[in-house]
Amino acid sequence: KAGVTQTPRYLIKTRGQQVTLSCSPISGHRSVSWYQQTPGQGLQFLFEYFSETQRNKGNFPGRFSGRQFSNSRSEMNVSTLELGDSALYLCASSLAQLTDTQYFGPGTRLTVL
Amino acid sequence: DQQVKQNSPSLSVQEGRISILNCDYTNSMFDYFLWYKKYPAEGPTFLISISSIKDKNEDGRFTVFLNKSAKHLSLHIVPSQPGDSAVYFCAALASGDYNQGGKLIFGQGTELSVKP
């Protein structure tokens, strides 16, 4: 069974630009969550999608948004990039329930110059 | 407001000995806890979990202990192996938020180094 895939793996952008990251969950998984990892902050929850609906949201500004398609693939968008947005962005998928194991992708390393 | 804390950023252990990684939480609504392991350039991998109705869960060399009164959990690895060297994250969630989705709250991580 293929794991969670994320594209692109690496990305360099400049301040003010916008970026879109993609996540393909494990087949059959309907929940997709996004996390931001920065040094010293651990992993911080961004949002979670289930059946094309945002089910939960973390404490991030409105510049961070996402969506989920009918095939459960998800995209995350960050507009008006800031230097502090440089981070590893991780996507995780799970079957559906809150306590179902989340399986993580390798992440997208975003660098904002 | 860090609801889940791992106060030791790093830990070094000799091969064959026990590794003990600690995690504290503040939110009494948390009732499900997980440990993830992360190698460089890879996403976190699920290791072991425990529900608040238990105080211990064991899986091979890995055992997680939960002390609800102290709001503390620990991961024991016995015996430690060089391949266990990685960053370990504890995470928590409140399963009562069923319709709130997969909001895992992670600690900052502890980097474990197992010396041969």
Side-chain angles (χ1 to χ4, degrees), chain A residues 3-7 9-10 21 23-26 29-60 66 68 72 74 88-109, chain B residues 1-10 21 23-25 27 29-54 57 59 64 86-111:
Chain A
V4 178
T5 58
Q6 291 186 246
T7 56
R9 290 293 310 277
Y10 302 91
L21 312 181
C23 172
S24 293
I26 291 172
H29 285 192
R30 296 168 63 192
S31 169
V32 175
S33 300
W34 289 89
Y35 295 83
Q36 180 195 65
Q37 185 185 9
T38 53
Q41 293 293 320
L43 283 79
Q44 293 183 284
F45 174 78
L46 279 153
F47 30 65
E48 186 249 3
Y49 286 86
F50 178 78
S51 291
E52 301 178 66
T53 300
Q54 187 180 89
R55 207 165 46 167
N56 202 357
K57 190 178 189 304
N59 297 322
F60 278 80
Q68 186 181 35
S72 293
S74 177
L88 180 67
Y89 290 89
L90 291 157
C91 159
S93 76
S94 65
L95 282 169
Q97 306 295 328
L98 193 61
T99 53
D100 289 332
T101 300
Q102 291 195 23
Y103 295 87
F104 283 82
T108 294
R109 171 72 64 184
Chain B
D1 177 25
Q2 197 73 32
Q3 298 185 66
V4 178
K5 293 182 182 180
Q6 295 176 254
N7 292 316
S8 299
S10 63
L21 297 102
C23 180
D24 298 295
Y25 61 97
N27 189 340
M29 298 300 292
F30 289 149
D31 58 359
Y32 195 74
F33 305 90
L34 309 92
W35 284 93
Y36 280 82
K37 179 170 73 172
K38 186 180 185 300
Y39 293 116
E42 294 182 14
T45 303
F46 170 75
L47 204 54
I48 191 169
S49 63
I50 187 167
S51 163
S52 61
I53 62 173
K54 295 185 175 181
N57 189 25
D59 183 3
V64 56
V87 178
Y88 289 78
F89 291 95
C90 67
L93 62 82
S95 64
D97 287 337
Y98 179 78
N99 291 319
Q100 294 299 308
K103 185 176 180 178
L104 281 177
I105 307 298
F106 281 84
Q108 305 95 314
T110 296
E111 184 170 10

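Just so you know, these numbers come straight off a predicted model, no measurement behind them. In what follows, every chain begins at residue 1, and chains take the letters A, B, ... in the order their sequences are listed.
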| query | Who wins among S51(B), A91(B), G43(B) for the most heavy-atom pairs under 4.5 Å with chain A? | reply | G43(B)
| Any L90(A) side-chain heavy atom under 4.5 Å of P44(B) side chain | yes
| said: Can you confirm whether more than 12 heavy atoms, excluding those of Y103(A), are under 6.0 Å from its OH atom? | reply: no
| field | Contacting moiety of R9(A), where chain B heavy atoms sit under 4.5 Å | value | side chain
| task | Indicate yes or no: at least one non-hydrogen side-chain atom of Y36(B) is less than 4.5 angstrom from one of L43(A). | result | no
| request: Would you mind checking which part of L88(A) comes under 4.5 Å of any heavy atom in chain B, side chain (CB onward), backbone (N, CA, C, O), both or neither? | output: side chain
| remark: On a heavy-atom basis, the closest approach of F45(A) and L104(B) is CB-O, 3.9 Å
| query | Among P106(A), G105(A), S94(A), which has the most heavy-atom pairs under 4.5 Å with chain B? | reply | P106(A)
| query | Which pair of heavy atoms, one from Q37(A) and one from F89(B), lies closest together, and at what distance? | reply | NE2-CZ, 3.5 Å
